[in-house]
J.: 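Structure below; questions to follow.
The analysis underlying the following values was restricted to heavy atoms, covering all of them including side chains, and did not include hydrogens, waters or symmetry mates. Residue numbers start at 1 and run along the sequence shown.
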Amino acid sequence: MRKVIFISMIVNLSWATDNTIDLDILLNNNNQKDKIDRFIEDSYLSNTIKGVANSQTAPLSFDSTLSRSISKPLSGFEYEIGFSKELKVGNVQELEQKSTILSSEATKIEQQKRFILLNNTIKNLYNQYCLDREYQNYFRINYNEFDALYQKKKIAYELGEISKRELIQIKLKKDELSIDFANFSTRVNDEKVMLLSFGNFDIENQLNCYDMTPIDGNIEANQEQFSLSKKAYEKIVESNQVSIKRYYKKFDKIELSTHYTKEIDRDVYSIGVSIPLNISSKKYEYKRASLMNQISAIQSNQELFIQKSLLKIKELKLKLKRIYKDIVQKKSNIENYEASLLPLEQKSYNYGESSVVEYLLAKQNIMRYKEKLLEKKRDYYQILFSLYTIMEKR
């Protein structure tokens, strides 16, 4: 009993402190947010730089040969040295870089969904904690009432007014409640520690729970539904379209070369130009066809993703409506029980018309009803924030 009273005092003192943290503070000071941001930015820069590097031309090439002539009467060594360099013509390199940057931006936008998942995870944990803390307070009050009853019955037993069997029954039930309350308090404290760890807050800080998400039968519509997915899709399509434009170039690069040849009886200087004739090959035609089919595949995949997501959203919304109705019904049942049946049970017990065990069973029933209501509310928040994650709602 002393353990439970001590825990209760700690709970009351902690709630009384002004050093409280609301949900917005928790979200804004989340230390994982910066890590995700650095990861996304570094990945974006890595992909962009890699693409720009791939669009660069090959380095200047140096060639040399050494030969020996054995013809008579002239005999001796001959050698040749030369340089060659490939150059991209027009805006080919610019188009290749633009395509790479757009692809990197698409990946970056897609990865920003991590922020949505993280925020909704924290919101869910926050609301779950606040629900449990509210029930913990009810649990504490109920236990204190039970403990007070036990103390009275203990005196009654010492006066010979009740049997030892009846006192033991009450004590066993009190001890059971004490264990349950301690376990539940540990659960609430663990949830609090987990939430505070997101922002490296001190354990003395408290969560105020005044900004819980309302439990409502009408789910708020998201005007920017799938906004990140749509933006990423548009970027990747644009990237492929730029690549298609690049492969329409019939004249996209040249290779310049210069050589010096030292022969036995003369010096030879030469300059060369090499121009690939793309019209003589279907390579670029096939590349364009591949990219066009890739755009079509991306579009089909995007439509499939939206369709599956909408079905999942509809399913979760229906679940939420069912749970909401169940919550409303359970709250109504509890209110009726507390307003009508429980007072009658208490009056019957006070007049000696029912035993203490019957009265305790009535109290236990109301606790079970409230515990079921708590679990329904927890289910509601779990589904709600899963729904928001799919909808890409922050």
Side-chain angles (χ1 to χ4, degrees), residues 38-65 80-114 226-261 268-307 392:
R38 286 199 301 271
F39 165 77
I40 292 175
E41 193 62 31
D42 289 344
S43 297
Y44 168 71
L45 290 174
S46 174
N47 292 334
T48 300
I49 293 170
K50 181 180 179 182
V52 171
N54 290 336
S55 71
Q56 301 298 304
T57 57
L60 182 70
S61 178
F62 171 75
D63 303 309
S64 68
T65 58
E80 178 182 10
I81 58 173
F83 295 91
S84 60
K85 172 65 177 175
E86 179 188 84
L87 300 174
K88 292 185 177 179
V89 179
N91 64 341
V92 169
Q93 190 170 9
E94 180 187 341
L95 291 172
E96 290 176 348
Q97 291 180 3
K98 184 177 180 181
S99 175
T100 295
I101 292 171
L102 287 168
S103 179
S104 299
E105 287 175 352
T107 303
K108 182 179 181 179
I109 293 170
E110 188 71 24
Q111 287 176 338
Q112 286 174 352
K113 290 181 184 179
R114 289 172 175 239
F226 311 127
S227 59
L228 291 179
S229 293
K230 290 175 181 177
K231 288 178 183 177
Y233 162 75
E234 291 168 359
K235 289 286 184 182
I236 198 65
V237 168
E238 188 179 355
S239 172
N240 281 277
Q241 289 172 338
V242 171
S243 293
I244 290 174
K245 188 183 295 185
R246 181 260 177 272
Y247 287 116
Y248 267 113
K249 300 291 183 180
K250 294 183 173 59
F251 178 59
D252 58 355
K253 59 185 175 181
I254 62 173
E255 184 176 340
L256 301 177
S257 61
T258 179
H259 290 84
Y260 166 71
T261 304
V268 178
Y269 298 90
S270 61
I271 296 176
V273 178
S274 175
I275 303 175
L277 300 176
N278 294 330
I279 58 175
S280 65
S281 170
K282 290 189 176 182
K283 178 180 178 179
Y284 283 7
E285 182 182 339
Y286 290 140
K287 281 186 174 291
R288 293 195 302 271
S290 173
L291 288 165
M292 288 176 182
N293 281 281
Q294 188 173 348
I295 290 174
S296 179
I298 293 169
Q299 182 179 7
S300 297
N301 189 58
Q302 177 73 2
E303 290 172 355
L304 180 62
F305 164 77
I306 297 294
Q307 186 179 34
E392 300 178 15

J.: Going from CD on E234 to CD on Q241, what distance comes out if it is rounded to the nearest 0.5 angstrom?
T.: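 CD of Q241 is found 10.5 Å from CD of E234.
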J.: Looking at OH of Y44 and CD of Q112, how far apart are the two atoms once the value is rounded to the nearest 0.5 Å?
T.: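 CD of Q112 is found 11.0 Å from OH of Y44.
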J.: Which heavy atom of V52 sits nearest to which heavy atom of T100, and what is that distance?
T.: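 That closest heavy-atom pairing would be N-CG2, 4.1 Å.
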J.: Check for a donor-acceptor pair, side chain of S103 on one end and backbone N or O of S99 on the other, with a separation under 3.5 Å.
T.: no
J.: Could you name each residue pair satisfying salt bridge (Lys or Arg N to Asp or Glu O under 4.0 Å) that touches residues 94-103, not counting sequence neighbours?
T.: K88-E96, E96-R246
J.: Looking at CG of N293 and CD1 of I298, how far apart are the two atoms once the value is rounded to the nearest 0.5 Å?
T.: 11.0 Å
J.: Do other residues, nucleotides or ligands put more than 12 heavy atoms under 6.0 Å from the CD1 atom of I271?
T.: no
J.: Could you give the distance from CD1 (I101) to CD (Q97), rounded to the nearest 0.5 Å?
T.: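 Atom-to-atom, I101:CD1 and Q97:CD are 6.5 Å apart.
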J.: Quick one: OH on Y233 to CZ on F305, what's the gap to the nearest 0.5 Å?
T.: 13.0 Å
J.: Which distance, rounded to the nearest 0.5 Å, do you find between the CD1 of I295 and the OG of S290?
T.: 10.0 Å
J.: Side chains of K231 and E105, heavy atoms from C-beta outward: is any pair under 4.5 Å?
T.: no
J.: With R288, which residues qualify under side-chain contact (heavy atoms from CB on, under 4.5 Å), at least two apart?
T.: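 By the side-chain contact (heavy atoms from CB on, under 4.5 Å) rule, R288 matches I244, Y247, Y248, Y284, E285.
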J.: Do you know which two heavy atoms are closest between E392 and S227, and how far apart they sit?
T.: OE1-N, 3.4 Å
J.: Verify, without hydrogens or angle tests, whether S243 (side chain) and S239 (backbone) share a donor-acceptor contact under 3.5 angstrom.
T.: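 Yes, S243 side chain to S239 backbone: donor-acceptor pair under 3.5 Å.
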J.: List the steps, then state whether side-chain contact (heavy atoms from CB on, under 4.5 Å) holds for F39 with Q111.
T.: CA-CA 9 Å; F39 165 77; Q111 287 176 338; 3.8 Å; yes
J.: Would you mind reporting whether Q299 and V237 have side-chain heavy atoms less than 4.5 Å apart?
T.: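 Answer no - side chains too far apart.
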J.: Looking at side-chain heavy atoms only, is the closest gap between K249 and L95 below 4.5 Å?
T.: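 The answer is yes, as the side chains (C-beta and beyond) meet within the 4.5 Å cut-off.
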J.: Any non-hydrogen side-chain atom of T258 less than 4.5 Å from a side-chain atom of S270?
T.: no
J.: Is the shortest heavy-atom distance from the side chain of S229 to the side chain of K113 under 4.5 Å?
T.: yes
J.: Checking N47 side chain against S43 main chain: does a donor-acceptor pair fall under 3.5 Å?
T.: yes
